[in-house]
Chemist: 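Below is the structure I would like to discuss, written out as structure tokens.
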Number of protein chains: 2
Amino acid sequence: MATAKISPCCSPVLHARLGKDDAAELATTFRALADPGRLRLLSFIAAQPGAEACVCYLTGPSGLSQPTVSHHLKVLNDAGLLEREKRGTWVYYRIVPARLEAVREALAPVPSEKKRVARGHER
Amino acid sequence: MATAKISPCCSPVLHARLGKDDAAELATTFRALADPGRLRLLSFIAAQPGAEACVCYLTGPSGLSQPTVSHHLKVLNDAGLLEREKRGTWVYYRIVPARLEAVREALAPVPSEKKRVARGHER
DNA sequence: ATGCAACATCGACCGTCATCGATAAAGGAG
DNA sequence: CTCCTTTATCGATGACGGTCGATGTTGCAT
């Protein structure tokens, strides 16, 4: 998959009127972030060296059962916010910074005035 | 100090381990953004001059019933993403850019990996 | 006063989701 | 092979949330 650039994920909210499908896609991403347990898991993983963590490291601190943690990690993985890597018996989840950045971009202020000035080609 | 100005809203996800309270608060904000209808309403309002819109302007384009639109606007208002102003018979909702910016900040990358390492002994 | 328009609230229905125990699947270690 | 550990999946349950019709509330006009 052509990883690279910020991602094909999110149409910006404030730049133009969102279509139903764009809105649905963006909402899915936000829904993945709309749970306290998942946000804590993200922060726990981010706090680890390399921004990656083994599942067995997460069940304790989160205070959630192992099935629940596994479920949340799957949701975050499906949303593209985490990537999964199996190493022997253990599974490591790693934060995907580009995806987080894409979500931030979706909330970016309107580009309007600056862009028109920068262009400067119309009259 | 342009950095710490933003808002009292959101503890950053990637900077440190989130406590349960911080996570719950942040999750509430994301939950407000986790619905296609609300995202579209935000974009519709943002597209209007002054980033504000009358409710009567929103019911049509959104394709939602008036009670549903009213409900969504209340959720966004409670989340601090919209502010409400009554003008005569009409009610105008306006986007709160600072709040959007605060959400973006909550997803900002870690301050600096090297700074943390350079500090040496912490746990 | 009456009538009308804009918005909010209420009540109910129904789908979605978070949670956990039980169980399955995959991979070492002996 | 058997046993144990790690993680994922299944199934059930309880709670939350989006939706809309009906109704209430507010404000303007006549």
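A, B, ... follow the sequence lines: proteins, then strands. Residue 1 opens every chain. Just so you know, these numbers come straight off a predicted model, no measurement behind them. The figures here come from the full heavy-atom set of this structure, side chains too, leaving out hydrogens, waters and symmetry mates.
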Chemist: Report the nucleotide, chosen from C:dT9, C:dA18, D:dG17, that has the shortest atom-to-atom distance to any side-chain atom of B:S70.
Modeler: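 Within the option list, the nearest is C:dT9.
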Chemist: Rounded off to whole Å, could you give me the OH-to-C1' distance for the A:Y92 and C:dG27 pair?
Modeler: 15 Å
Chemist: Please confirm whether the shortest side-chain N or O distance from B:T68 to OP1 or OP2 of D:dG18 is below 4.0 Å.
Modeler: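 Looking at the OP1 and OP2 atoms of D:dG18, neither is under 4.0 Å from any side-chain N or O of B:T68.
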Chemist: Is there side-chain contact between A:F30 and B:L39, with heavy atoms separated by less than 4.5 Å?
Modeler: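 Yes; the side chains approach each other to less than 4.5 Å.
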Chemist: Compare side-chain N and O positions of A:R84 against OP1 and OP2 of D:dA8 and report whether any pair is under 4.0 Å apart.
Modeler: yes
Chemist: Heavy atoms under 4.0 Å, any strand shown: does B:R38 hit a base, just sugar-phosphate, or nothing?
Modeler: sugar-phosphate
Chemist: Provide, to the nearest angstrom, the distance between the CZ atom belonging to A:F30 and the P atom belonging to D:dG18.
Modeler: 15 Å
Chemist: Output the single nucleotide from D:dT19, C:dC20, C:dA6 whose closest atom is nearest the side chain of A:L64.
Modeler: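 Per side-chain heavy atoms of A:L64, the pick is C:dC20.
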Chemist: Nearest to the side chain of A:K86, which nucleotide is it out of C:dT9, C:dA8, C:dG27?
Modeler: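 Ranking C:dT9, C:dA8, C:dG27 by closest atom to the A:K86 side chain puts C:dG27 first.
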Chemist: Indicate yes or no for a side-chain donor-acceptor contact from A:R38 to the backbone of A:R31 under 3.5 Å, with no hydrogens or angles considered.
Modeler: yes
Chemist: For the pair made of CG in A:L33 and C1' in C:dC17, what is the distance, rounded to whole Å?
Modeler: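 After rounding, the gap between these two atoms is 16 Å.
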Chemist: Among C:dA8, D:dT26, C:dA6, find the nucleotide with the atom closest to the side chain of B:Q66.
Modeler: C:dA8
Chemist: Measure the shortest side-chain to side-chain distance between A:S62 and A:H72 over non-hydrogen atoms and say whether it is less than 4.5 angstrom.
Modeler: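 No - every pair of side-chain heavy atoms lies 4.5 Å or more apart.
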Chemist: I want to confirm an ordering. Mapping A:K74 and B:H72 to their closest nucleotides on DNA chain D, which one lands closer to the 5' end?
Modeler: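 Result: A:K74.
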Chemist: Nearest to the side chain of A:D35, heavy atoms from C-beta on, is which of C:dG21, C:dC7, C:dA18?
Modeler: C:dA18
Chemist: Any sub-3.5 Å donor-acceptor pair from B:R40's side-chain atoms to A:D22's backbone N or O?
Modeler: no
Chemist: Any donor and acceptor pair, going by atom type alone, linking the side chain of A:R99 with main-chain N or O of A:A79 inside 3.5 Å?
Modeler: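 Yes, because the side chain of A:R99 sits within donor-acceptor range (under 3.5 Å) of the backbone of A:A79.
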Chemist: Between A:T89 and A:S65, just flag the one whose closest nucleotide in DNA chain C comes earlier from the 5' side.
Modeler: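 It is A:S65 whose nearest nucleotide is closer to the 5' end.
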Chemist: Counting only side-chain heavy atoms from C-beta out, which of D:dT7, D:dG17, C:dC17 sits nearest to A:R31?
Modeler: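 In terms of side-chain proximity for A:R31, the closest of D:dT7, D:dG17, C:dC17 is C:dC17.
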Chemist: I want to confirm an ordering. Mapping B:L73 and A:G37 to their closest nucleotides on DNA chain C, which one lands closer to the 5' end?
Modeler: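 In this pair, the answer is B:L73.
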Chemist: At under 4.0 Å, does any side-chain N or O of A:H71 touch on OP1 or OP2 of C:dT19?
Modeler: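 For A:H71, the contact criterion (side-chain N or O under 4.0 Å from OP1 or OP2 of C:dT19) is not met.
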Chemist: Between B:R40 (CZ) and D:dG18 (C1'), how many Å, whole number?
Modeler: 15 Å
Chemist: Tell me: CG of A:L39 to P of C:dA18, nearest whole Å?
Modeler: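 Atom CG in A:L39 sits about 12 Å away from atom P in C:dA18.
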Chemist: In this structure, how many angstroms lie between the P atom of D:dG17 and the CG atom of B:L76, rounded?
Modeler: 14 Å
Chemist: Heavy-atom distance under 4.5 Å between the side chains of A:L107 and A:V13, does that happen here?
Modeler: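 When only atoms from C-beta onward are counted, A:V13 and A:L107 do touch, with a gap below 4.5 Å.
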Chemist: Let's see if you can work this out: which of C:dC7, C:dA18, D:dA8 has an atom nearest to the side-chain heavy atoms of B:W90?
Modeler: C:dC7
Chemist: Identify whether any heavy atom of A:Y93 sits under 4.0 Å from a base atom; if not, whether one sits that close to sugar-phosphate; answer base, sugar-phosphate or nothing.
Modeler: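 The answer is sugar-phosphate, as A:Y93 gets under 4.0 Å only of primed atoms, P, OP1 or OP2.
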Chemist: Which whole-number value in Å describes the distance from B:D78 CG to C:dT9 C1'?
Modeler: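 In whole Å, C:dT9 C1' and B:D78 CG are 13 Å from each other.
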Chemist: Nearest whole angstrom, please: distance from the P of D:dA8 to the CG of A:L58.
Modeler: 11 Å
